[in-house]
Protein chains: 2
Amino acid sequence: MEKIRLIIADDHELFRNGLKELLKNHNDVEVVNCASDGVELLEFIKTDNNIDIILLDITMPNMDGFEVLKRLKHLNNAIKPIVISMHDAGNYIAKCAKKGAYGYLLKNTDQEELLKAVRMVSKGKKYFNQKISEKMINFMSEHTVSNDMLSKKELEVLELISKGLTTKEIAAKLYVSSRTIETHRANILKKLNVKNTAELIKKAVKINLI
Amino acid sequence: MEKIRLIIADDHELFRNGLKELLKNHNDVEVVNCASDGVELLEFIKTDNNIDIILLDITMPNMDGFEVLKRLKHLNNAIKPIVISMHDAGNYIAKCAKKGAYGYLLKNTDQEELLKAVRMVSKGKKYFNQKISEKMINFMSEHTVSNDMLSKKELEVLELISKGLTTKEIAAKLYVSSRTIETHRANILKKLNVKNTAELIKKAVKINLI
DNA sequence: ATGTGTATCCGTATTATTACGGATACAAAA
DNA sequence: TTTTGTATCCGTAATAATACGGATACACAT
């Protein structure tokens with residue numbers, strides 16, 4: 001039987017080694033290497049292209065786990081990262097899910113769950129337990145705070161801007177002059193405290209206005 | 001004991017009525033009303049401000065469920081919508097979660113789960129079962145396909161654009177001429193098949209490039 | 001060795017956006 | 001009733017973005 005080849009990336013030596021010892025007791029997994037930061041991790045990955053899983057911490061010096069996830073996709077997307085974090089904040093979880101993590105575990109997870117996750121992920125399946133999923137879903141919807149910031153009209157204009165319509169086109173669509181739309185746009189920029197359309201759209205998506 | 005007051009919104013009469021009958025058997029819930037489309041639903045909500053839950057279909061004439069979710073937040077965000085859809089597509093689920101749905105059920109859900117969801121949601125807790133959560137997580141990450149579409153440089157430029165930097169600022173930052181950045185920008189627009197920055201950023205966020 | 005793609009640069013012209021300024025009408029809230 | 005906020009309109013000027021066009025150098029794959 002092929003062993004599951006994995007790497008541990010975490011800046012806390014004790015945690016790394018503890019995890020390694022723990023996994024030694026299971027003969028279907030092999031801890032190929034450890035890394036104490038993202039840079040080190042990626043360096044190693046470049047030399048060994050037979051890695052199945054990375055147990056990845058988010059908070060690391062030099063290059064954090066988010067950046068690792070991002071680069072991993074370009075570098076070798078056969079490797080399946082499982083994030084092991086001490087934070088159960090919804091934004092962390094959602095971000096990891098979006099960036100392609102195959103699993104998300106808390107550092108206080110028990111051995112059994114860790115193994116379960118590793119084995120599931122090694123088969124290409126994702127592992128996000130119910131509690132983690134909940135946290136994420138809550139986060140996804142809660143960031144909808146600033147709904148009252150923009151007037152109905154402004155929201156309408158914003159939506160059309162985000163669809164790529166020019167000021168002129170929006171004006172025509174809403175039967176007002178382009179000057180009016182420009183004013184709306186300017187007001188929206190001011191209200192969201194951004195300096196141009198690019199930043200505006202990013203922020204609007206982020207806070208769920210679009 | 002206060003009953004859970006709920007409304008059913010679905011364009012299929014049979015489904016609406018079936019659901020209603022089914023819920024009649026449970027004396028902790030009261031089906032206050034039914035609506036066959038989003039407009040009708042919102043109209044009713046304006047007249048009755050003591051609704052706990054809406055069982056909401058996505059596919060409806062006049063105004064679909066997504067739009068209902070969006071407007072509901074402005075109108076009365078004490079009402080907790082549970083989406084009941086026949087589609088288990090990840091994008092539907094993620095969209096609903098983002099737009100503030102408190103639950104997502106498939107139309108082939110059994111009675112037990114429906115009741116469980118209604119009761120949980122009535123207490124303010126979200127209900128997305130494991131399978132639904134999985135679908136959503138998979139969707140969230142899978143849309144990262146087009147990673148090879150853009151070159152490393154282009155991705156870098158895109159990231160800076162999204163942060164609100166102007167062409168000139170980006171050029172200064174990357175030690176190249178602004179003309180170069182403009183070319184990159186133009187190429188990015190072409191590659192992603194969008195016509196301007198606003199649309200670009202929206203798309204980039206959507207497909208996870210940023 | 002030849003082609004393909006990327007990164008880099010340049011020019012010109014048109015159009016759009018942004019930053020200022022100020023103004024009216026109307027509805028809703030205080 | 002007065003104030004506040006929203007939607008609407010207008011002007012000018014500076015800056016930025018977009019649409020064309022073309023060019024070189026270099027790396028990597030065929």
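Each chain gets a letter, A, B and so on, in the order its sequence line appears, and its residues count up from 1.
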In 5'-to-3' order, the base (B), backbone-only (S) or no-contact (-) status of each nucleotide in nucleotides 16-23 of chain D, using a 4.0 angstrom heavy-atom cut-off, is SSBBBB--
How does protein contact run along nucleotides 24-29 of chain D, one letter per nucleotide 5' to 3', with B for base contact, S for sugar-phosphate only, - for none, heavy atoms under 4.0 Å?
------
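If you take OH of B:Y175 and C1' of C:dC9, they are 19 Å apart, rounded to a whole angstrom. In this structure, A:I188 atom CD1 and D:dT8 atom P are separated by 12 Å, rounded to whole Å. For the pair B:H184 NE2 and C:dC10 P, the computed distance is 13 Å after rounding to whole Å. Atom NZ in A:K190 sits roughly 16 Å away from atom C1' in C:dT17 (whole-Å rounding). Counting to the nearest Å, the P atom of C:dT17 and the CD atom of A:E169 are 9 Å from each other. Computed from coordinates, the A:I170 CD1 to D:dC9 P distance equals 14 Å when rounded to whole Å. In this entry the distance linking CG of A:N193 with P of C:dA19 reads 12 Å, nearest Å. At whole-Å resolution of the value, CD1 in B:I181 and C1' in C:dA7 are 10 Å apart.
For residues 39-48 of chain B, the set of pairs meeting the salt bridge (charged side-chain N to carboxylate O under 4.0 Å, His left out) definition, not counting sequence neighbours, comprises B:R5-B:D48, B:E43-B:K46. Sorted by first then second residue, the ring pair (Phe, Tyr, Trp, His ring centres under 6.0 Å) pairs that include residues 165-207 of chain B, not counting sequence neighbours, number zero. For the ring pair (Phe, Tyr, Trp, His ring centres under 6.0 Å) condition, the pairs that include at least one residue of residues 51-70 of chain B, sequence neighbours left out, are B:F66-B:Y92.
Applying the side-chain hydrogen bond (donor to acceptor under 3.5 Å, both in side chains) criterion to A:K163, with sequence neighbours excluded, gives no partner residue. Looking at residues two or more places apart in sequence or on another chain, you find a side-chain contact (heavy atoms from CB on, under 4.5 Å) between A:N187 and A:E154, A:T183. The side-chain hydrogen bond (donor to acceptor under 3.5 Å, both in side chains) check on A:S177 picks up A:T180, with sequence neighbours excluded.
With respect to B:K131 and B:E134, no salt bridge is recorded, no charged nitrogen being found less than 4.0 Å from a carboxylate O.
In A:K195, the NZ atom is crowded: over 12 heavy atoms of neighbouring residues, nucleotides or ligands sit closer than 6.0 Å.
Residue A:S177 is classed as a sugar-phosphate contact, given heavy-atom separations below 4.0 Å to backbone atoms only.
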Cut-off 3.5 Å, no hydrogens considered: what does the side-chain donor-acceptor table look like for residues 100-107 of chain B, sequence neighbours left out?
| unit_1 | atom_1 | unit_2 | atom_2 | d |
| --- | --- | --- | --- | --- |
| B:Y104 | OH | B:S85 | OG | 3.3 |
| B:Y104 | OH | B:H87 | O | 2.8 |
| B:K107 | NZ | B:D10 | OD2 | 2.9 |

